[in-house]
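First up is the structure itself, then whatever we jot down about it.
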Amino acid sequence: MASTISSRLLLIPLLASFYVVVCVAGNFNQDFQITWGDGRAKILNNDNLLTLSLDKASGSGFQSNNEYLFGKIDMQLKLVPGNSAGTVTAYYLSSKGSTWDEIDFEFLGNLSGDPYILHTNVFSQGKGNREQQFYLWFDPTADFHTYSILWNSQRIVFSVDGTPIREFKNMESIGVPFPKNQPMRIYSSLWNADNWATRGGLIKTDWSKAPFTSSYRNFNDDNACVWNGGKSSCKSNSPSSASWQSQEVDSTGQQRLRWVQKNYMIYNYCADKNRFPQGLPLECTHS
């Protein structure tokens, strides 16, 4: 694995030219509320930094005050450094109820020196099982990096530092449910998942390394549609709303997407025929 990762890192200069990250400082006290952790989550630096921590007793988490129905949402994260095996930092959009929708980033911890795994998933009407996993082309614990979700009525695009890594298209025309009717909040948590997170649960959390800490900054929902009282902040006839409803991954973005999937994707449910012996999901055969 080490030699494979080293060879992939040689491609970093190519990717570095693909994006420019614009940092927009958010106010975590205004935008979010800490939901659990008994003091393990903290808002610091004049409300511009939020940290989650995990120890043997508990993890911690927060959620957005707003609900959203479409738009683009950015957050910068710096993940647990060192030996983070067994830990999971989850950052996702989700609705409530038995037929919930959800759009997931999950960062699976590692032994020191091994790469983090970025786990993605899309739930629609309570059904998920659409996992794609990636290595990252940088050390996500050394500095902050921007993780973005673009969500409109036609597609969901996961991006890292402006580079698309996954696109999930609306294929309702062939019977695949798509998240488009339920407003979702932003959630994040740091928790212990050593029964599965690292090498399928073979590597357990080393509590002597606790507390484990993930950090967040520069939240940006300026291009998202806030849902309040049954109404959207984006007017259906406004230019900005129209652009979000129709935005696609352009040709340059498609090249970046293929580059990441070729070099860094390590699991794709659409290629797992053993998991789906009766046939791959419909979206896999039509994508």
Side-chain angles (χ1 to χ4, degrees), residues 1-2 4-5 35-37 40-41 52-63 77-96 98 100-124 126-136 139-141 145 147 149 156 158 160 165-166 168 186-216 260-261 264-277 280-281 284:
M1 178 183 295
T4 302
I5 296 301
T35 50
W36 64 286
R40 290 172 178 83
L52 296 181
S53 66
L54 163 70
D55 57 33
K56 197 168 185 178
S58 177
S60 51
F62 64 88
Q63 71 178 42
L77 280 73
K78 183 165 69 172
L79 302 181
V80 175
N83 181 0
S84 57
T87 71
V88 172
T89 302
Y91 169 61
Y92 58 102
L93 288 165
S94 183
S95 62
K96 295 294 188 181
S98 59
W100 78 100
D101 296 336
E102 189 170 310
I103 304 169
D104 291 345
F105 278 115
E106 288 187 297
F107 304 89
L108 311 187
N110 60 3
L111 286 171
S112 297
D114 287 347
Y116 255 84
I117 291 176
L118 171 51
H119 175 100
T120 66
N121 204 352
V122 176
F123 287 76
S124 49
K127 179 183 180 299
N129 299 324
R130 299 185 176 103
E131 300 91 347
Q132 290 184 357
Q133 294 183 339
F134 305 83
Y135 290 140
L136 294 167
D139 178 357
T141 74
H145 292 267
Y147 302 90
I149 294 169
I156 295 163
F158 298 78
V160 178
I165 64 169
R166 178 177 183 178
F168 183 82
I186 302 165
Y187 297 89
S188 191
S189 58
L190 175 57
W191 52 290
N192 178 43
D194 66 3
N195 60 323
W196 66 271
T198 307
R199 296 184 184 174
L202 293 177
I203 309 299
K204 301 301 182 182
T205 303
D206 181 356
W207 293 111
S208 71
K209 307 297 184 184
F212 305 98
T213 302
S214 291
S215 302
Y216 304 74
V260 172
Q261 294 198 344
Y264 293 97
M265 179 184 283
I266 58 172
Y267 178 79
N268 180 7
Y269 76 109
C270 282
D272 194 346
K273 294 182 179 179
N274 291 329
R275 182 180 176 188
F276 303 102
L280 293 172
C284 298

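Here the structure is a predicted model, which is why all the values come from computation and not from measurement.
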| message | As an exercise, state the distance from CG of L79 to OG1 of T141, rounded to the nearest 0.5 Å. | response | 7.5 Å
| request: Indicate the atoms forming the closest heavy-atom contact of Q63 with T35, along with that distance. | output: CG-CG2, 3.5 Å
| field | Validation row: R199, L111 side chains within 4.5 angstrom (heavy atoms) | value | yes
| Side chain of T198, backbone of G86: donor and acceptor closer than 3.5 Å? | yes
| S84 side chain to N110 main-chain N or O, any donor-acceptor pair under 3.5 Å? | yes
| From Q133 CD over to L118 CG, what is the distance, rounded to the nearest 0.5 angstrom? | 8.5 Å
| Taking every non-hydrogen atom, the tightest pair across V88 and E106 | CG1-OE2, 4.0 Å
| query | Has the side chain of S60 got a donor or acceptor atom that lies under 3.5 Å from a matching backbone atom of S53? | reply | yes
| request: Check whether any side-chain N or O of Y116 sits under 3.5 Å from a backbone N or O of V80 as a donor-acceptor pair, and report yes or no. | output: yes
| Are a donor atom and an acceptor atom from the side chains of D272 and Y267 found within less than 3.5 Å of each other? | yes
| request: With the side chain counted from C-beta on, respond yes when Y216 and L52 share a heavy-atom pair under 4.5 Å apart, and no when they do not. | output: yes
| remark: Correct closest heavy-atom pair for S95 and W100 would be OG-CA, 3.4 Å
| task | Could you tell me whether a side-chain N or O of S188 sits under 3.5 Å from a main-chain N or O of A90, the two making a donor and an acceptor? | result | yes
| query | Backbone N or O of I165 within a donor-acceptor pair of the Q261 side chain at under 3.5 Å? | reply | yes
| said: Under the ring pair (Phe, Tyr, Trp, His ring centres under 6.0 Å) test against F107, which residue among F134, W191, Y135, Y147 passes? | reply: Y147
| said: Rounded at 0.5 Å granularity, tell me how far CG in L93 sits from CD1 in I186. | reply: 5.5 Å
| task | Measure up the Y91 and F105 rings against each other and bin them: parallel (under 30°), tilted (30 to 60°), perpendicular (over 60°). | result | parallel
| field | N83 side chain vs A85 backbone, donor-acceptor pair below 3.5 Å | value | yes
| said: I need the I156 CD1 to S124 OG distance, nearest 0.5 Å. | reply: 8.0 Å
| query | Would you call the rings of Y187 and Y92 parallel, tilted or perpendicular if under 30° counts as parallel and over 60° as perpendicular? | reply | parallel
| field | Backbone of S58 reached by a side-chain donor or acceptor of D55 within 3.5 Å | value | yes
| field | Reported CZ-to-CG distance for the pair R275 and L280, which is rounded to 0.5 angstrom | value | 10.5 Å
| said: Between D194 and T205 (side chain of the first, backbone of the second, donor and acceptor by atom type, cut-off under 3.5 Å), is there such a pair? | reply: yes
| query | Considering all heavy atoms of both residues, which atom of D206 and which atom of F212 are nearest to each other, and what is their separation? | reply | O-CZ, 3.4 Å
| remark: OG1 (T120) and CE (M265) are apart, to the nearest 0.5 Å, by 7.5 Å
| said: For V122, is there any backbone N or O sitting under 3.5 Å from a side-chain donor or acceptor partner on R130? | reply: yes
